[in-house]
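Every chain is numbered from 1 and lettered A, B, ... according to where its sequence line falls, protein lines coming before strand lines.
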Protein chains: 2
Amino acid sequence: MQEPTLLLLTALADRPRHGYAIVQEVLAISGGRVRLRTGTLYGALDRLLKEELIEIYSEEAVDGRLRRSYALTACGRTTLTAEAERLRATAAEAQRRLGLALRLPRITPKGATT
Amino acid sequence: MQEPTLLLLTALADRPRHGYAIVQEVLAISGGRVRLRTGTLYGALDRLLKEELIEIYSEEAVDGRLRRSYALTACGRTTLTAEAERLRATAAEAQRRLGLALRLPRITPKGATT
DNA sequence: TGACATATGCCGTTGGACGACTTATGGTGC
DNA sequence: GCACCATAAGTCGTCCAACGGCATATGTCA
């Protein structure tokens, strides 16, 4: 699972949200770093609905325009929990290894002037 | 940055490694979950060389066959550090939100028999 | 009136990951 | 002696998630 998808699920973790609110929430979660494109958003929503990780929570007509809100399914919650744990472990291992780094002699293959 | 790439950089975080050793290391780091295909590996190595996140550390001829080993550059190390921190923060936020989950009434949009 | 936020959605492109394949050596077991 | 697996490096075509751009519509504020 890639970051945009994971952030999307995270945005639904505390409560259901509609499309535009998801974009705002992902922006907040990621500290302004990830601005979901609507192409990514609705593509991902369709995919996640198909995979039954999310479901339509409500459909209201606001000014004759459909407003859908989406929620995590139980399966989606389980998946997000697992993904978050996997991510945490991967990040921890990377940080551990960065700390372990050996101070190796720097070989300069092309005879660069060091 | 996607997971395979991040794991590849992580595999180089403690010391230089050649291609096959990277595959083994990524397998270990990920707890047997991620088996890098050689297509992914050499594609990523080429890309990361171009981006100067990694460099060729040594080239020895073993039995007339070239064996290259790759190392993180300073830039690669910085990037990996940043990516790991970003990942850690994302995972933490997901876990926090999973804990925050509201117990909302379950709306069953299609009149499903609960 | 024009700009911007809110809000939903489609479509074509791109790029990273993937699966399958090739080549080569050395060791282990039958 | 031969088959099979581990080690080792690499290519190529495909696929799909993400992306950028676009269309559409309403409400609000200057």
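Regarding A/Glu3, its CD atom lies at a distance of 15 Å from the C1' atom of C/dG16, rounded to whole Å. Here D/dA17 presents its P atom at 17 Å from CG of A/Leu7, a figure rounded to the nearest Å. Going from atom CG of B/Leu66 over to atom P of C/dT25 covers 15 Å, rounded to whole Å. The separation between A/Leu6 atom CG and D/dA18 atom C1' is 15 Å, rounded to whole Å. Computed from coordinates, the A/Arg35 CZ to C/dA5 C1' distance equals 12 Å when rounded to whole Å. Rounded to whole Å, the distance from CG on A/Leu8 to C1' on C/dT8 is 15 Å. Atom pair B/Leu36:CG and C/dG19:C1' shows a separation of 14 Å (rounding to whole Å applied). Rounded to whole Å, atom C1' of D/dT7 lies 16 Å from atom CZ of B/Arg17.
Scanning residues 18-31 of chain A for heavy-atom distances under 4.0 Å to DNA chain C yields A/His18, A/Gly19, A/Tyr20. Residues from residues 39-49 of chain A with heavy atoms under 4.0 angstrom of DNA chain D, sorted by number: A/Gly39, A/Thr40, A/Arg47.
Comparing B/Arg68 and A/Arg37 along DNA chain D, the residue whose closest nucleotide (by nearest heavy atom) sits nearer the 5' end is B/Arg68.
For B/Thr79, there are no side-chain hydrogen bond (donor to acceptor under 3.5 Å, both in side chains) partners at least two apart in sequence or on another chain. By the side-chain hydrogen bond (donor to acceptor under 3.5 Å, both in side chains) test, A/Ser69 pairs with A/Ser58, sequence neighbours left out. For the salt bridge (charged side-chain N to carboxylate O under 4.0 Å, His left out) test, no residue two or more places apart in sequence or in another chain qualifies with B/Arg37. Here B/Gln2 pairs with A/Gln2, B/Pro4 under the side-chain contact (heavy atoms from CB on, under 4.5 Å) rule; sequence neighbours left out. Evaluation of the side-chain contact (heavy atoms from CB on, under 4.5 Å) rule for A/Leu27 yields A/Arg35 as partners, not counting sequence neighbours.
Of the candidate nucleotides D/dA17, D/dG10, D/dG21, D/dA17 has the atom lying nearest to any side-chain atom of A/Thr5. Of the candidate nucleotides C/dA7, D/dA8, D/dG10, C/dA7 has the atom nearest to the side chain of A/Arg67.
Residues B/Arg67 and B/Glu60 are not paired through a salt bridge, judged by the lack of any N-O separation under 4.0 Å between the basic side chain and the carboxylate.
Pairs of residues two or more places apart, or lying in two chains, that qualify as salt bridge (Lys or Arg N to Asp or Glu O under 4.0 Å) and include a residue from residues 90-102 of chain B are A/Asp14-B/Arg97, A/Glu25-B/Arg97, B/Glu93-B/Arg96, B/Glu93-B/Arg97. Residue pairs meeting the salt bridge (Lys or Arg N to Asp or Glu O under 4.0 Å) criterion with at least one member in residues 1-13 of chain A, sequence neighbours excluded: A/Glu3-A/Arg33, A/Glu3-B/Arg86.
More than 12 heavy atoms of other shown residues, nucleotides or ligands fall within 6.0 angstrom of atom CD in B/Glu85.
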